[in-house]
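One structure follows; several queries about it will come next.
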Amino acid sequence: MPELPEVESARQVIDRYALGRVIAEVDDSDTYVCRPHTPGEIRSALLGRRLSAVHRRGKSMWCETTGVGRTRKPGPLLGFHLGMSGKIVVADRRGSEVDGGDYWERGRKPGDLRFARFRLTFADGGHLALIDPRRLGRVRLDPPVEKLGPDAAVVTRPEFQSAMSRGTIAVKARLLDQEALAGVGNLLADQALWAARIRPSRPVDELTPDDVDRLYDGVRESVADSLADGGVHTLSFFPARRAGGVCPRCGAALQVGVVGTRTTWWCPVEQV
DNA sequence: TATAGTGTTATCGG
DNA sequence: ACCGATAACACTAT
């Protein structure tokens with residue numbers, strides 16, 4: 001289930017395997033995943049064009065599109081969000097697939113399009129599909145990416161300080177706010193707060209400048225590690241995050257609760 | 001068998 | 001304006 005590193009690997013799959021191919025057909029019939037568009041709206045915007053570039057900010061991706069004519073006229077942006085169960089697969093003419101890695105959905109067999117909620121068919125016979133059993137993902141034209149905060153992989157310290165200022169909300173809830181900081185999900189948030197030794201329920205207005213500094217380091221380090229190691233499952237705090245789990249540093253029994261509506265694990269001894 | 005879940009968005013109430 | 005809670009989505013893992 002995707003967080004920032006999994007979205008980045010999906011972006012790389014599109015970048016490497018889908019760019020430049022001409023769009024010959026579009027299945028945008030899933031009205032929930034393609035909301036607020038009506039069926040055929042994305043199709044008619046994309047037919048005959050090609051994907052020319054792909055970007056990521058936080059957990060959102062979008063493709064630039066261009067016409068195939070001499071002018072390569074820029075067209076609408078095609079946005080993707082993987083939600084909680086989404087996965088991008090790109091296939092060649094023979095149906096042979098590549099995807100962003102085996103990070104979830106271990107049971108799915110390559111080529112299984114049962115849960116394809118959106119599909120571009122290319123003129124060469126291959127396709128790009130969003131596989132998404134729970135339909136929590138999203139495909140839309142011209143996604144509002146300008147509303148997102150700075151990307152967690154490249155956010156600067158001053159930007160982060162600004163994102164953590166104002167209000168009284170729990171620090172974990174703020175980390176999860178994609179308009180404040182884009183790309184931190186539930187697991188990365190727990191990891192970063194554990195690394196910084198900060199209790200997830202601490203109100204942001206009670207954080208000291210030193211707390212914010214350590215949290216910045218924790219976020220950057222957690223994101224960098226998960227990007228380097230291929231996903232949030234590789235994070236050091238992840239294995240402890242279960243019933244009976246103990247703090248990997250001090251061995252204390254972890255505490256579990258709900259913060260910012262999400263299940264949260266933390267070390268009650270070290271995270272104060 | 002029952003329940004929780006690595007996400008987002010909209011809405012309601014305080 | 002801010003914040004917490006809830007529902008919706010529909011499937012998988014435990």
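Residue numbers start from 1 in every chain, and the chains themselves are labelled A, B, ... in the order their sequence lines are given, proteins ahead of strands.
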How far does the C1' atom of C:dC9 sit from the matching atom of B:dT1, given to the nearest Å?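 Nearest-Å result for C:dC9 against B:dT1 at atom C1': 23 Å.
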How long is the line joining CZ of A:Arg241 and P of B:dG5, in whole Å?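 Taking CZ of A:Arg241 and P of B:dG5, I get 8 Å after rounding.
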For A:Arg220, all residues meeting side-chain contact (heavy atoms from CB on, under 4.5 Å), sequence neighbours excluded: A:Val155, A:Tyr216
Distance, rounded to the nearest Å, where A:Arg140 contributes CZ and C:dC9 contributes C1':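 Rounded to whole Å, this separation is 17 Å.
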Looking only at side-chain N and O atoms, does A:Thr168 come under 4.0 Å of OP1 or OP2 in C:dC3?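 For A:Thr168, the contact criterion (side-chain N or O under 4.0 Å from OP1 or OP2 of C:dC3) is met.
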For a side chain to side chain contact (heavy atoms under 4.5 Å, CB included) check, start with the C-alpha distance between A:Val171 and A:Val259, then their side-chain angles and the critical distance, and finish with the verdict. CA-CA 9 Å; A:Val171 58; A:Val259 180; over 6 Å; no
What side-chain hydrogen bond (donor to acceptor under 3.5 Å, both in side chains) pairs are there with at least one residue in residues 147-164 of chain A, not counting sequence neighbours?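 Residue pairs with at least one partner in residues 147-164 of chain A: A:Arg56-A:Asp151, A:Thr156-A:Glu159, A:Arg157-A:Asp213, A:Arg157-A:Asp217.
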So which pairs with a foot in residues 237-262 of chain A pass side-chain hydrogen bond (donor to acceptor under 3.5 Å, both in side chains), sequence neighbours left out? A:Asp190-A:Arg241, A:Arg249-A:Glu270
Tell me every residue that passes side-chain contact (heavy atoms from CB on, under 4.5 Å) with A:Arg119, counting only those two or more places apart in sequence or in another chain.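 For A:Arg119, the residues satisfying side-chain contact (heavy atoms from CB on, under 4.5 Å) (neighbours in sequence not counted) are A:Asp27, A:Leu113, A:Thr121, A:His127, A:Ala129.
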Under the rule for salt bridge (Lys or Arg N to Asp or Glu O under 4.0 Å), what residues qualify as partners of A:Asp112, not counting sequence neighbours? A:Arg114
If the condition is side-chain contact (heavy atoms from CB on, under 4.5 Å), which residues does A:Arg72 pass it with, not counting sequence neighbours?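 Here the qualifying residues are A:Thr66.
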Output yes when at least one side-chain N/O atom of A:Ser85 is less than 4.0 Å from OP1 or OP2 of C:dC11, else no. no
Considering residues at least two apart in sequence or located in another chain, which fulfil the side chain to side chain donor-acceptor pair (under 3.5 Å) criterion with A:Gln271?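 Listed in chain order: nothing, the list is empty.
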Can you tell me how far C1' of B:dG7 sits from CG of A:Leu187, to the nearest Å? 12 Å
Would you mind reading off the distance between A:Asn186 atom CG and B:dG5 atom C1', rounded to a whole angstrom? 9 Å
Check whether any side-chain N or O of A:Arg117 sits under 4.0 Å from OP1 or OP2 of C:dC11, and answer yes or no. yes
Verify the neighbour count for atom CZ of A:Arg93: are there more than 12 heavy atoms of other residues, nucleotides or ligands below 6.0 Å? no
Residues two or more places apart in sequence or in another chain: which of them pass side chain to side chain donor-acceptor pair (under 3.5 Å) with A:Asp229?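 Once residues adjacent in sequence are excluded, A:Asp229 has no partner under the side chain to side chain donor-acceptor pair (under 3.5 Å) criterion.
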Distance check needed: B:dG7 P versus A:Leu181 CG, whole Å only.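 It works out to 13 Å between those atoms.
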Check side-chain contact (heavy atoms from CB on, under 4.5 Å) between A:Ala192 and all other residues, then give those that pass, not counting sequence neighbours.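 In terms of side-chain contact (heavy atoms from CB on, under 4.5 Å), with neighbours along the sequence ignored, A:Ala192 is linked to A:Leu215, A:Val219, A:Ser222.
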Take the protein atom CD1 of A:Ile131 and the nucleotide atom P of C:dC9, then report the distance between them rounded to whole Å. 21 Å
Output the single nucleotide from B:dG7, C:dT12, C:dG4 whose closest atom is nearest the side chain of A:Phe115. C:dT12
Which listed nucleotide (B:dG5, C:dC3, B:dT6) is nearest to the side chain of A:Arg134? B:dG5
Which residues in residues 188-204 of chain A have a heavy atom closer than 4.0 Å to any atom of DNA chain B?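 Correct list: empty, so none.
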Integer-rounded Å distance: C:dA1 C1' and A:Asp177 CG: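 Rounding to the nearest Å, CG of A:Asp177 and C1' of C:dA1 are 14 Å apart.
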Protein-nucleotides 8-12 of chain B N/O pairs closer than 3.5 Å?
unit_1	atom_1	unit_2	atom_2	d
B:dT8	OP1	A:His81	NE2	3.0
B:dT8	OP2	A:Lys59	NZ	3.1

Taking all non-hydrogen atoms of both residues into account, name the closest pair between A:Ala45 and A:Leu141 and its distance. CB-CD1, 3.7 Å
If you look at every strand shown and take non-hydrogen atoms under 4.0 Å, does A:Arg242 touch a base, only sugar-phosphate, or nothing? nothing
Taking NZ from A:Lys87 and P from C:dT12, how many angstroms apart are they, rounded to a whole number?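 Those two atoms, NZ and P, are 13 Å apart.
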Give each stem of DNA chain B as a range with a range, requiring at least 3 consecutive Watson-Crick or G-U wobble pairs whose two distances are under 3.5 Å.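 Consecutive-pair runs (3 or more) involving DNA chain B: B:2-5 with C:11-14, B:7-14 with C:2-9.
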